Amino acid sequence: MPQITLPDGSKRDYENPVSVAEIAESIGPGLAKAALAGRVDGSLVDTSFTIDADAEVAIITERDDDGLEVIRHSCAHLMAQAVQRLFPKAQVTVGPVVEDGFFYDFAFERPFTPEDLQAIEQTMRSIVKENLQIERSILSRKDAIAMFKKMGEDYKVEIIEGIPGDEDLSFYQQDDFIDLCRGPHVPSTGKFKAFKLTSVAGAYWRGNAENEMLQRIHGTAWGSKKDLNLYLQRLEEAEKRDHRKLGKRLDLFHFQEEAPGMAFWHPKGWRIYQVVQDYMRQVQNANRYKEINTPQLVDYTLWEKSGHASKFAEEMFSVESDNRMYAIKPMNCPCHIQVFNQGLKSYRDLPLRFAEFGSCHRYEPSGSMHGLMRVRSFVQDDGHIFCTEDQIQSEVADFMELLFAVYRDFGFDDVMLRLSTRPEKRVGADELWDDAEQALKDALNATSLPWELVPGEGAFYGPKIEYSLKDCMGRVQQCGTIQVDFFLPERLGARYVAEDDSRKTPVMLHRAVLGSFERFIGVLIEHFGGAMPTWLAPEQAIILNITDKQAEYCEKLQESLKNKGFRVSADLRNEKIGFKIREHTLQKIPYLLVVGDKEVESGTVAVRKRGGEDLGTMTFDDFCKHLSQDVASFGRTPRPQP
RNA sequence: GCUCGCAUAGCUCAGGCGGUAGAGCGCUUCAUUGGUAAUGAAGAGGUCUCCGGUUCAACUCCGGAUGUGAGCACCA
């Protein structure tokens with residue numbers, strides 16, 4: 001006689017054990033139809049799940065986040081079924097839910113083509129029409145292995161053999177298609193309303209590049225056609241903000257074959273770069289960093305000493321000259337230690353904070369490059385703090401404060417924190433790792449912000465915290481980092497004189513706020529959709545004359561604004577004002593200053609913002625004040641219209 | 001690096017069962033001096049990424065290289 005408590009607190013009594021579907025039915029036929037799964041005492045189950053004791057039950061529909069997960073997971077099965085109908089020789093492997101959709105990996109004798117994708121989608125639709133029941137069953141490991149062996153599903157056999165323990169396994173079957181799965185799943189294939197296959201690409205079996213390559217088909221699935229369309233619109237919006245497209249359209253930078261993965265910065269892009277760099281320089285100075293600069297080419301033996309050559313030889317560019325091998329520096333830290341090593345350092349010198357806008361080159365794998373986001377030539381806002389073990393925690397805390405302030409100035413309020421701990425391949429004793437990891441954990445806990453632990457993802461010389469920004473599209477962009485390093489200073493002979501006159505090795509903290517300027521500017525372009533806040537905009541205002549008559553006045557205004565330190569240009573071409581407005585609006589210049597006879601006469605400008613907002617006519621001085629205030633607010637104001 | 005696509009004018013893209021190409025925008029010139037998202041006309045502009053092969057003939061078909069896109073792997 002189970003008593004069921006529903007989410008609204010109401011209770012229902014049933015005579016006999018009752019399934020989730022029956023509960024939904026007893027509440028109403030609409031809900032029964034919409035029911036995709038249930039939540040019984042907090043855990044997700046199929047609608048066929050039978051409840052024989054008192055329980056809290058919620059009916060999951062497409063409107064729940066969990067419902068969407070179930071739809072996507074089931075949709076992966078639906079796709080796998082369609083693939084096997086069309087291509088019986090295709091083997092199924094794994095098909096999980098991912099953000100906004102799902103994928104399924106297949107092993108097949110030939111690659112799937114875009115036409116295949118269409119056919120698969122078509123078949124999926126007809127399976128939906130067939131409205132097949134999806135049924136859960138339990139099999140012993142032995143029987144399951146035997147079944148998949150008989151079906152020729154070698155990967156499934158491998159998966160099951162890899163599952164520890166001896167417990168029974170659950171399976172889901174729709175018609176002749178059966179898959180190993182924890183579930184839950186929707187009750188029948190008629191429940192899918194909106195899905196679309198989006199891409200096919202290679203993916204290694206079990207994510208290991210040593211293994212064979214499977215074919216991964218990605219799809220997206222939603223509770224309604226409307227949601228699907230919203231998602232597709234979101235994709236379009238992201239495409240419009242793509243920094244590679246905007247970089248071209250706004251004339252910021254370009255790439256070409258002769259220098260793969262290395263940006264050619266155009267005047268306007270370089271303007272942004274310079275502003276960002278000047279800003280960081282000022283922040284670093286204010287935070288007691290000492291800026292230095294170190295060589296691009298450094299003898300290969302230094303990289304052998306530092307340990308980088310043995311791990312990253314393939315990813316380093318090198319140059320031979322005069323019978324000597326040099327590496328083009330892939331990072332700055334060994335060079336910073338060389339600067340530290342000049343002259344005898346005392347504990348009184350610590351913490352010693354070096355900063356460098358260090359130009360680095362790395363031979364990134366060709367397939368990993370992506371516009372400005374992943375390049376072979378980049379500049380980091382790099383810094384290394386030499387300190388004692390006692391100073392680690394306060395240095396990390398100070399750094400985090402600096403980092404959050406910088407991110408706020410750039411308009412990012414949502415920062416995600418991750419702690420990566422010791423990897424398998426590493427140097428140094430475990431006790432040192434214990435201390436380093438603990439120091440970072442303490443610093444993280446001191447922030448009261450949530451953070452995520454990523455075991456095994458640390459650098460080979462120490463654990464690290466990574467700081468990721470959430471951009472306006474909700475995408476996560478890793479930028480900042482701080483890494484504790486007990487080993488490199490030791491390897492490269494860094495020493496200081498301690499209070500007791502002994503020689504000690506300093507701890508080194510590697511840290512960057514923006515990461516690489518290239519990447520960070522890519523992130524900024526996409527975050528703002530090219531409409532940079534005024535302090536970052538390559539051109540902050542442009543003066544437009546109505547006719548030739550005002551040209552001289554416009555030039556005077558331009559000169560005057562330039563003298564005040566603003567980035568201003570004038571468009572005095574013989575074009576109609578509407579044409580000029582359109583052109584510079586599309587170039588996303590924050591302020592358009594229109595000057596006709598009226599303005600010349602009264603010493604004013606008519607101000608229009610790039611979003612179309614008309615600020616009206618104001619005196620030149622008032623406009624200067626307005627512009628100054630806008631610049632001084634950095635990116636902390638509401639985000640400008642793209 | 002791996003799998004599968006893609007590469008045509010400065011840009012965005014059409015195109016052709018193999019007979020050396022076209023649009024819009026931009027650019028140049030001329031006319032127009034016009035008040036808040038495109039004034040009109042004329043003109044110039046291409047080794048169809050590169051290297052091989054097949055063919056009487058290749059931008060088109062085949063092979064390779066390079067770059068690039070999606071995904072995977074990698075990311076000090």
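Predicted model, so just to flag it, every value in this text is computed and none were measured. Chain A is the first sequence line, chain B the second, and so forth, proteins listed ahead of strands; every chain is numbered from 1.
Residue A:His218 is tested with A:Tyr104, A:Phe102, A:Phe103 for a ring pair (Phe, Tyr, Trp, His ring centres under 6.0 Å); the sole match is A:Phe103.
A cation-pi arrangement is found for A:Arg72 relative to A:Trp222, the charged atom lying closer than 6.0 Å to the ring centre and inside a 45° cone about the ring normal. For the pair A:Arg216 and A:Phe106, the cation does not sit on the ring face, since its NZ or CZ is not both under 6.0 Å from the ring centre and inside 45° of the axis.
Relative to the side chain of A:Arg608, the nucleotides B:G35, B:G1, B:U36 differ in distance, and B:U36 lies closest. With B:U39, B:C75, B:G34 as the choices, the nucleotide that has an atom nearest any side-chain atom of A:Thr547 turns out to be B:G34. Taking the side chain of A:Pro330 as heavy atoms from C-beta on, and the options B:A76, B:A73, B:C72, the nearest nucleotide is B:A76. Side-chain proximity of A:Arg582 to the nucleotides B:G1, B:C27, B:A37 is greatest for B:A37. Between B:U36, B:G67, B:C72, one nucleotide has an atom nearer to the side chain of A:Ala203 than all others, and that is B:C72. With B:C27, B:A37, B:G35 as the choices, the nucleotide that has an atom nearest any side-chain atom of A:Ile581 turns out to be B:A37. Residue A:His218 places its side chain closer to B:G71 than to any other of B:C27, B:G1, B:G71. For A:Phe579, whose side chain is taken as the heavy atoms from C-beta onward, the closest listed nucleotide among B:U39, B:A76, B:U36 is B:U39. Among B:U36, B:G67, B:A37, the nucleotide with an atom closest to any side-chain atom of A:Val594 is B:U36. Picking from B:C4, B:U36, B:C11 the nucleotide with the shortest atom distance to the side chain of A:Pro111 gives B:C4.
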Subject >> Intra- and interstrand pairs of RNA chain B - dot-bracket, Watson-Crick/G-U under 3.5 Å, | marks other strand >> reply: (((((((..((((.....[..)))).(((((.......))))).....(((((..]....))))))))))))....
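The base of B:G34 is paired with the side chain of A:Asn574 by a donor and an acceptor separated by under 3.5 Å. The base of B:G35 has none of its N or O atoms less than 3.5 Å from a complementary donor or acceptor on the side chain of A:Gln550. Between the side chain of A:Arg374 and the base of B:C75 there is at least one donor-acceptor pair of N/O atoms closer than 3.5 Å. The base of B:U36 is not paired with the side chain of A:Asp614 by any donor and acceptor separated by under 3.5 Å. Evaluation of atom-type donor-acceptor distances gives a pair under 3.5 Å for the side chain of A:Tyr204 against the base of B:G1.
Contact annotation for A:Arg244: backbone-only contact, meaning every heavy-atom pair under 4.0 Å involves sugar-phosphate atoms and none involves a base. Counting any heavy atom pair closer than 4.0 Å across all strands shown, A:Glu315 reaches a base atom. Here A:His370 lies in heavy-atom contact (under 4.0 Å) with sugar-phosphate atoms only. Among the heavy atoms of the strands lying under 4.0 Å from A:Pro260 are primed sugar atoms or P, OP1, OP2 only; no base atom is included. Among the atoms of the strands shown, none is found under 4.0 Å from any heavy atom of A:Leu544. Across all strands shown, A:Gly578 has heavy atoms under 4.0 Å from sugar-phosphate atoms exclusively, and none from any base. In this structure, A:Phe112 reaches neither bases nor backbone, as no heavy-atom distance under 4.0 Å exists between it and the strands shown. Using a 4.0 Å heavy-atom distance criterion, A:Glu212 is classed as making no nucleic acid contact. Residue A:Glu258 is out of contact with every strand shown, counting any heavy-atom pair closer than 4.0 Å. At the heavy-atom level, A:Lys598 lies under 4.0 Å from base atoms of the strands shown. Within 4.0 Å of A:Gly207, counting heavy atoms only, lie sugar-phosphate atoms of the nucleic acid but no base atom. A:Lys464 comes within 4.0 angstrom of the backbone, heavy atoms only, and of no base.
Panel note: side chain A:Arg362, backbone A:Pro330; a donor-acceptor pair is recorded below 3.5 Å.
Using C1' as the reference atom, B:G71 and B:G10 are 32 Å apart when rounded to the nearest Å. Nucleotides B:U47 and B:G22, compared at atom P, are 15 Å apart to the nearest Å.
Counting to the nearest Å, the C1' atom of B:U3 and the CD1 atom of A:Ile217 are 13 Å from each other.
Taking 4.5 Å as the limit, some side-chain heavy atom of A:Ser306 sits within range of a side-chain heavy atom of A:Leu492. Between A:His510 and A:Ile482 there is no side-chain heavy-atom pair separated by less than 4.5 Å.
Here A:Phe112 and A:Phe87 bring their ring centres to under 6.0 angstrom of each other.
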Can you check nucleotides 44-51 of chain B for protein contacts, nitrogen or oxygen pairs under 3.5 Å, and list what you find?
none

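Within the structure, every side-chain polar atom (N or O) of A:Lys576 is placed at least 4.0 Å from both OP1 and OP2 of B:A37.
Both A:Thr617 and A:Arg573 lie close to RNA chain B; mapped to their nearest nucleotides by heavy-atom distance, the more 5′-ward contact belongs to A:Arg573.
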